[in-house]
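Notes follow once the structure below has been shown.
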2 protein chains.
Amino acid sequence: MSNPEQASEPERVRAPNIRDVARVAGVSYQTVSRALNDSPSIRPETLARVQAAIDELGYRPNQAARALVTSRSRTIGVLAAQTVHYGPATSIQAIETAAREAGYRLSITNISSSEYASIKAGLDHLMAQSIEALIVIAPQVRVFEALKDLQLSVPFVTLEATGLNTAHSLWVDQIQGARLATRHLIDLGHTEIMHLSGPQDWIEAEARMQGFLRELGDADLRTRAPILGDWTAHFGYYAGLELLRYRDFTAVFCGNDQMALGFMHACRESGLRVPEDISVVGFDDVPEAAHFAPPLTTVRQNFAEIGRRTIEVLLGELRGETGLSHEPVQPELIVRQSTARLA
Amino acid sequence: MSNPEQASEPERVRAPNIRDVARVAGVSYQTVSRALNDSPSIRPETLARVQAAIDELGYRPNQAARALVTSRSRTIGVLAAQTVHYGPATSIQAIETAAREAGYRLSITNISSSEYASIKAGLDHLMAQSIEALIVIAPQVRVFEALKDLQLSVPFVTLEATGLNTAHSLWVDQIQGARLATRHLIDLGHTEIMHLSGPQDWIEAEARMQGFLRELGDADLRTRAPILGDWTAHFGYYAGLELLRYRDFTAVFCGNDQMALGFMHACRESGLRVPEDISVVGFDDVPEAAHFAPPLTTVRQNFAEIGRRTIEVLLGELRGETGLSHEPVQPELIVRQSTARLA
DNA sequence: GCCGGTGATGTGTACGTTCACATCGTTGGG
DNA sequence: CCCAACGATGTGAACGTACACATCACCGGC
């Protein structure tokens with residue numbers, strides 16, 4: 001009766017813990033703990049015995065217990081929108097890989113709308129998991145408001161922003177990218193240039209718009225009000241059909257490649273040729289852009305690099321390092337066949 | 001000295017726990033616990049007091065502690081590959097939303113290659129988090145092998161498979177989808193039809209290939225060896241350039257929309273018109289497909305529906321329900337302008 | 001030959017929660 | 001009018017780990 005170890009009872013299978021490992025290895029549980037956290041003061045011989053016991057039992061450290069006692073969840077939260085698009089998806093993938101290598105997990109929460117309530121609910125869900133850091137890939141303007149409300153206390157980073165909030169953002173120089181695209185069109189002789197922008201509460205949409213307007217301003221060209229879209233090919237198509245009825249422009253800079261695709265579709269339907277009649281530039285360089293009809297001139301962003309650097313910065317901040325260099329990732333103009341010199 | 005409550009010391013901010021809440025509400029910690037788990041036996045009045053205390057303190061339940069004692073992580077693991085593509089990305093998003101609503105978290109692990117070692121490492125990483133269930137969106141043939149090795153003991157579901165492994169897979173009837181696409185081409189009078197397949201270790205690639213071959217067989221048409229690709233537009237393009245040199249076929253059924261896009265690019269470069277000279281069908285119906293040149297005839301899969309049903313099935317299994325109906329999601333042929341009657 | 005120091009290992013405790021069980025007051029039936 | 005039953009609430013323990021500290025053997029220097 002007093003011996004709980006009698007093995008006659010099948011007794012609900014329980015995962016082995018460090019005490020089980022310790023018993024098998026003939027050491028104390030604390031020694032096992034040391035082995036797991038590669039403490040310097042443990043004899044190689046002892047370490048080997050513990051390791052053998054671990055393998056024998058198929059022991060896995062219990063993350064929950066570990067998180068409880070250290071009060072470190074080893075989880076990074078990601079607040080995301082539009083993850084189906086190439087840019088966010090690629091960044092998240094790179095972030096996940098880098099985080100995993102650093103021993104962190106990712107917890108991704110998608111927000112369905114950019115309603116304030118939806119954003120707040122998403123943040124709430126993440127905070128409930130006691131995330132150690134936050135990455136925002138979403139309409140950031142509104143997210144910032146929600147962050148203030150929640151008085152959140154973890155380091156956070158936003159992707160693909162403007163550098164306005166340098167303390168917390170790691171960014172591709174979107175303004176520069178937009179300037180490259182616009183300059184390219186100007187160099188080709190275009191003076192009447194249109195811009196199909198992303199939604200205004202996305203900082204990157206705002207940045208691309210800024211870059212476009214500044215470059216136009218620097219060249220003393222007429223600036224027109226950009227059209228605010230929603231990043232989708234459908235929008236590019238319908239906006240294109242509408243705009244092309246007037247056709248008082250010869251080039252279009254689109255806020256992303258999807259909208260450019262839709263726009264070129266509208267051109268075909270309107271009987272216009274790209275690039276002979278209209279030049280089109282995109283943004284992102286999705287892998288498909290090289291195979292559009294015609295292959296799309298666009299601005300390449302190294303999303304994978306962004307993802308890696310995001311984690312790098314964040315981990316540094318978690319370690320207490322400060323004043324890290326948040327140098328912007330530089331975008332690159334990829335010239336293909338959707339742009340041509342003005343006839 | 002004996003009073004630890006004296007507030008003079010700033011004393012490291014610690015998040016409030018149920019005991020703090022209990023003290024403020026004037027009840028025992030167990031009553032707070034009951035309030036949190038909406039136990040039936042608690043007076044509405046008491047519940048209100050507890051709720052007020054929770055709000056006052058900004059208390060959040062500690063998930064780690066909860067997971068430790070219940071040994072339920074409330075985490076579902078996702079082993080994924082190619083998450084940048086529309087299908088997987090859409091499914092994951094739907095899965096995340098459905099999981100969140102059910103109170104579960106998602107832990108996504110991307111595998112970089114389909115090497116056995118990479119898959120095993122990914123699974124290991126997931127198991128280390130004591131996931132309660134597993135969802136596989138990856139080259140499943142190899143994953144199955146790894147699963148056996150790890151003697152994994154959680155319910156799992158694979159997406160988009162063939163129904164071969166009915167106990168564990170929730171699936172779109174890919175074979176049926178492929179048959180629809182192939183039949184469409186046959187109905188248009190094509191007899192020499194090519195197939196650009198996905199990688200062979202992806203079950204959905206295999207299934208689409210099967211559907212293609214069977215439909216051809218049923219129509220007593222010559223079957224040709226499908227070309228094994230990698231899902232990318234680049235592959236579709238280069239394969240197209242190669243295949244079109246002989247041009248001993250009049251129609252192509254592509255394993256996904258990206259490859260179809262690349263293939264149509266190759267057609268243009270080879271001076272062939274789609275659909276006049278060559279008919280092309282894709283698979284997936286990515287949102288951009290409607291704006292390809294020409295708009296692509298393809299097979300629509302309801303990825304969001306798949307995601308929702310996946311969680312539904314998995315949660316049922318976690319609750320111990322069995323024999324759930326795993327009815328396949330039916331795909332739908334979307335006819336656009338990339339296919340035409342054989343001249 | 002004793003003692004301080006050090007390297008290796010062991011013991012007690014806390015983290016925040018839920019579960020099993022105990023307790024208490026109230027109600028209703030015989 | 002008493003006691004069983006029940007509803008509401010409280011107490012003790014356990015989950016598995018890491019941290020702080022205690023212990024122990026051993027070493028070298030005086």
Assign each of A/S28 and B/S33 the nucleotide of DNA chain C bearing its closest heavy atom; nearer the 5' end lies the nucleotide of A/S28
Please check if the side chain of B/S73 supplies one atom and the backbone of B/S130 the other of a donor-acceptor pair under 3.5 Å.
yes
Rounded to whole Å, CD1 of B/I18 lies from P of C/dT18 at a distance of 6 Å
Separation of C/dT17 atom C1' from B/R74 atom CZ, nearest Å, is 14 Å
Separation of C/dT17 atom P from B/Q30 atom CD, nearest Å, is 12 Å
Between CG of A/N62 and P of C/dT17 the distance, given in whole Å, is 16 Å
Whole-Å distance, B/R34 CZ to C/dA22 C1', equals 11 Å
Winner on side-chain proximity to B/V69, out of C/dC15, C/dT17, C/dA20, is C/dT17
- Would one find a side-chain N or O of B/N17 under 4.0 angstrom from OP1 or OP2 of C/dG16? yes
Separation of C/dC15 atom C1' from B/R14 atom CZ, nearest Å, is 10 Å
Exercise for the section: For the pair A/R72 and A/E132, find out whether any cationic side-chain nitrogen is under 4.0 Å from an anionic carboxylate oxygen. Expected result: yes
* Asked: Is the shortest distance from a Lys or Arg side-chain nitrogen in B/E305 or B/R308 to a carboxylate oxygen in the other one below 4.0 Å?
  -> yes
inquiry  = Between A/L134 and A/V78, does the side-chain contact (heavy atoms from CB on, under 4.5 Å) criterion hold? Intermediate values first, please.
reply    = CA-CA 6 Å; A/L134 175 67; A/V78 178; over 6 Å; no
For B/T31 and B/V27, indicate whether the former's side chain and the latter's backbone hold a donor-acceptor pair under 3.5 Å. no
| request: Please state whether the base of C/dG12 and the side chain of A/Y29 form at least one donor-acceptor pair under 3.5 Å? | output: yes
Under a 4.0 Å heavy-atom cutoff, the residues of residues 36-45 of chain B touching DNA chain D are B/S41, B/I42, B/R43
- Query: Counting distance only, does the side-chain N/O of B/Q129 pair as donor-acceptor with the main-chain N or O of B/T75 below 3.5 Å?
  - Reply: no
Its 5'-most and 3'-most nucleotides having an atom under 4.0 Å from a non-hydrogen atom of chain B, DNA chain D is contacted over D/dA8 to D/dG16
Exercise for the section: Please report the C-alpha distance between B/I311 and B/I76 in whole Å, then the side-chain angles of each, then the deciding distance to 0.1 Å, and finally whether the side-chain contact (heavy atoms from CB on, under 4.5 Å) criterion is met. Expected result: CA-CA 9 Å; B/I311 290 297; B/I76 293 174; 4.0 Å; yes
**Message:** Check this for me: does the side-chain of B/R60 come within 3.5 Å of the base of C/dG16 through a donor and an acceptor?
**Reply:** no
query: Base, sugar-phosphate alone, or nothing: which one does B/S71 contact when heavy atoms must sit under 4.0 Å apart?
result: nothing
Worksheet item: Counting N and O atoms only, with roles assigned by atom type, does the side chain of B/D55 sit under 3.5 Å from a partner on the main chain of B/A52, one being a donor and the other an acceptor?
Response: no
Flag, side chain of B/T97 to backbone of B/Q93, donor-acceptor distance under 3.5 Å
yes
